Amino acid sequence: SLAGAFAGAYGAQRIAERAKYRDELLKEIRNTNAATNVAFGVCNSLLSMKKQHVKSLKETFETQKAALLDYQNKRRLGEISKDTVFNFLADLQTLSLPQLPVDILQKQVFEKLSLVGRPLNLTTTLSQTVHSLSTSLEKRNQLIESYKANAPTSQDVFVALYFGLPQDGHINQDYPSTIYAIYNQTDDGIFFSQLLCKDLVEHGEQIVVQFKKKYGKGAPTISKP
């Protein structure tokens with residue numbers, strides 16, 4: 001009877017441990033899917049921002065600067081009159097970063113998943129990139145407000161500030177540098193969040209393989225953006 005009781009207790013313990021491990025695997029899969037969806041949300045928001053604002057902001061700036069330099073060169077060579085005025089439409093629309101759930105993503109990745117290596121580094125780098133992008137957007141907004149506050153200034157001074165050209169022996173690159181920082185940081189955020197999605201999907205698929213080997217069917221489907 002003692003041996004039977006021991007065998008029964010041991011069997012119950014094994015069943016309990018097996019059920020516990022099954023629940024842990026299911027929880028890991030669900031948390032992986034949740035993290036993947038959040039990472040995809042960050043990526044999608046940055047893609048939308050680039051499509052709606054950032055890409056055209058950079059391309060228009062470069063097109064207008066090239067036209068200005070061509071205009072200045074033609075004036076210098078006498079191909080056009082010095083009285084000819086260079087006209088351009090300055091983009092003084094302020095921009096802000098949409099609310100991105102980076103803090104939620106960090107909590108999911110670092111506290112709810114058994115990850116090592118690159119996904120952890122990607123999450124940290126993505127958070128830093130989003131912070132830098134927000135800072136660059138705010139800096140551009142501040143520059144725009146300063147231009148508006150000093151509106152009664154000569155066109156030559158404003159053009160020099162806007163395009164980062166020499167003026168009275170000085171070059172102020174604040175505005176052009178923010179344009180390129182915003183563009184590059186948006187691209188970086190898209191790249192890191194997309195790569196994180198890929199790593200999370202691979203992690204989830206590995207957990208599903210473990211689950212199927214031990215328990216057969218019943219594993220949730222892995223979210224694939």
Side-chain angles (χ1 to χ4, degrees), residues 31-66 69 90-147 161-165 171-206 222-225:
N31 287 337
T32 300
N33 281 342
T36 302
N37 287 330
V38 175
F40 174 69
V42 172
C43 185
N44 192 49
S45 294
L46 292 172
L47 282 167
S48 297
M49 182 176 172
K50 179 178 179 179
K51 180 180 179 181
Q52 295 173 12
H53 302 292
V54 174
K55 186 172 183 289
S56 61
L57 178 67
K58 172 180 172 284
E59 290 179 351
T60 300
F61 176 83
E62 291 179 334
T63 299
Q64 290 179 335
K65 185 172 182 179
L69 295 176
D91 188 344
L92 300 182
Q93 177 187 3
T94 57
L95 299 174
S96 59
L97 192 65
Q99 192 69 32
L100 300 178
V102 177
D103 291 341
I104 295 174
L105 180 61
Q106 284 186 304
K107 192 168 186 179
Q108 288 179 317
V109 168
F110 282 94
E111 298 179 14
K112 296 184 178 182
L113 294 175
S114 56
L115 292 165
V116 295
R118 191 171 75 173
L120 302 180
N121 295 330
L122 284 171
T123 303
T124 300
T125 305
L126 177 60
S127 176
Q128 295 169 342
T129 301
V130 168
H131 176 73
S132 298
L133 175 58
S134 179
T135 300
S136 296
L137 287 165
E138 182 58 31
K139 181 178 179 180
R140 178 177 174 272
N141 290 343
Q142 291 171 356
L143 289 171
I144 288 173
E145 291 306 316
S146 71
Y147 298 154
L161 290 172
Y162 191 83
F163 291 108
L165 300 176
I171 298 178
N172 187 324
Q173 287 280 345
D174 284 350
Y175 188 79
S177 66
T178 59
I179 297 294
Y180 288 105
I182 290 168
Y183 184 86
N184 292 330
Q185 288 159 359
T186 301
D187 266 2
D188 289 344
I190 292 168
F191 173 78
F192 293 131
S193 56
Q194 181 270 338
L195 196 57
L196 178 59
C197 284
K198 178 183 176 183
D199 283 1
L200 289 171
V201 168
E202 290 179 356
H203 173 71
E205 288 176 338
Q206 290 171 1
I222 297 301
S223 298
K224 294 182 180 181

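No hydrogens, no waters, no symmetry mates; every other heavy atom, side chains included, goes into these values. Remember, predicted model here, so these are calculated numbers, not experimental data.
- The structure places CZ of Phe192 at 10.5 Å from CG of Asp187, a figure rounded to the nearest 0.5 Å.
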So Leu165 and Lys65, side-chain contact (heavy atoms from CB on, under 4.5 Å) or not? Walk me through it. CA-CA 10 Å; Leu165 300 176; Lys65 185 172 182 179; 4.0 Å; yes
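- Expressed to the nearest 0.5 Å, how far CG of Asn141 lies from CD of Gln93 amounts to 9.5 Å.
- In terms of heavy atoms, Ser96 sits closest to Leu137 at C-CD1, 4.0 Å.
- Asn33 contributes a side-chain N or O that, together with a main-chain N or O of Ser223, makes up a donor-acceptor pair within less than 3.5 Å.
- Minimum heavy-atom separation, Pro225 to Phe40: CB-CD1, 3.4 Å.
- The backbone N or O of His53 lies less than 3.5 Å from a partner atom in the side chain of Ser56, making a donor-acceptor pair.
- With Thr135 as the fixed residue, the side chain to side chain contact (heavy atoms under 4.5 Å, CB included) test singles out one of Lys139, His131, Glu138: His131.
- The minimum heavy-atom distance linking Gly189 with Leu46 is given by the pair C-CD1, 3.5 Å.
- Closest of all the heavy-atom pairs between Tyr175 and Asp91 is OH-O, 3.3 Å.
- Between the side chain of Ser146 and the backbone N or O of Leu143, at least one donor-acceptor pair lies under 3.5 Å.
- Here His203 contributes atom NE2 and Leu115 contributes atom CG; the two are 4.5 Å apart, rounded to the nearest 0.5 Å.
- A distance of 9.5 Å separates CD in Gln99 from OG in Ser134, rounded to the nearest 0.5 Å.
- In plain terms, the two heavy atoms of Ser193 and Leu126 that are nearest each other are CB-CD2, 3.9 Å.
- For the pair Leu92 and Tyr162, the minimum side-chain heavy-atom distance is below 4.5 Å.
- The distance from the CD atom of Glu145 to the CZ atom of Arg140 is 10.5 Å, given to the nearest 0.5 Å.
- Counting heavy atoms from C-beta on, the side chains of Leu69 and Phe163 never come closer than 4.5 Å.
- Taking the side chain as every heavy atom from C-beta outward, Tyr183 and Leu57 never approach each other to under 4.5 Å.
- When side chains are defined from C-beta on, Leu113 counts as touching Leu200, because their heavy atoms get closer than 4.5 Å.
- Here CG of Leu105 is found 10.0 Å from CG of Leu122. Values are rounded to the nearest 0.5 Å.
- Between Ile171 and Gly164, the closest heavy-atom pair is CG2-O, 3.5 Å.
- Gln194 has its side chain out of reach of Leu47: every pair of non-hydrogen atoms, C-beta onward, lies at least 4.5 Å apart.
- With sequence neighbours excluded, no residue forms a salt bridge (charged side-chain N to carboxylate O under 4.0 Å, His left out) with Glu202.
- Using modelled atom types, one side-chain atom of Asn184 and one backbone atom of Tyr180 make a donor-acceptor pair closer than 3.5 Å.
- Remark: Lys58 NZ is packed, more than 12 non-hydrogen atoms of other residues, nucleotides or ligands lying under 6.0 Å away.
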